[in-house]
Amino acid sequence: MRKRHPNPRLAKIHRNYTVEEVASLFGIHRNTVREWVKRGLPTSDGRRPMLILGRDLVAFLSARRAKNKRTCQPGELYCVRCRAPRAPAGDMVDYVALTATLGNLAAICSVCETMIYRRVSLAKLTSVCGKLDVTLPQALEHIGERAQPTVNSDLE
Ligand SMILES: [Zn+2]
């Protein structure tokens, strides 16, 4: 069987769907839909037939898609709360060195304002960051001393 990635856009947010309708909408098996329900797709509770709200379906599939597609474009960091790659607020990131060659990028999600991180090797820093402003802390020159993860005060 071909592995399909259902397109969330096929679902209409103002409609309700039965399991069968969802299955035929995406051309998938009903058991796949039941599997989604087991994995957290919300349904109308206790009613028969079980109904799935279009907007729940869209949200569920979009989140799943983002999870399957974790690779961020240059200049993006994966936001756990948004479940999507996001651009940092103000296009600013801090590089926090973990070792001489490896570090974390830390920034603030431009959408939900939580901290977002991306592991990066120093060698790939430029290609990963794209057009972002990268702050390299002093600690980069003193790898032995573990630096406090600095939060840039002008981001506050
Ligand atoms: Zn976010």
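Each ligand, and each atom within it, is numbered from 1 in the order the structure gives.
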Open item on the list: Can you confirm whether Cys129 sits close enough to Leu105 that some side-chain heavy atom of one is under 4.5 Å from a side-chain heavy atom of the other?
Closed with: yes

- [ ] Work out which heavy atom in Ala11 is nearest to a heavy atom in Phe26; give both atom names and the distance.
- [x] CB-CZ, 4.4 Å

Open item on the list: Surrounding CD of Glu35 (heavy atoms of other residues, nucleotides or ligands, distance under 6.0 Å), is the total greater than 12?
Closed with: yes

Task: 4.5 Å side-chain heavy-atom contact, Leu10 and Leu61 - done: no

- [ ] Considering non-hydrogen atoms only, spot the tightest contact between Leu77 and Cys72 and give its length.
- [x] C-SG, 3.7 Å

TODO: Please list, in chain and residue-number order, the protein N/O/S atoms closer than 2.8 Å to the Zn ion (ligand 1).
DONE: Cys79 SG, Cys82 SG, Cys109 SG, Cys112 SG

Open item on the list: A quick test of your reading: do over 12 heavy atoms of other residues, nucleotides or ligands sit less than 6.0 Å from CZ of Arg55?
Closed with: no

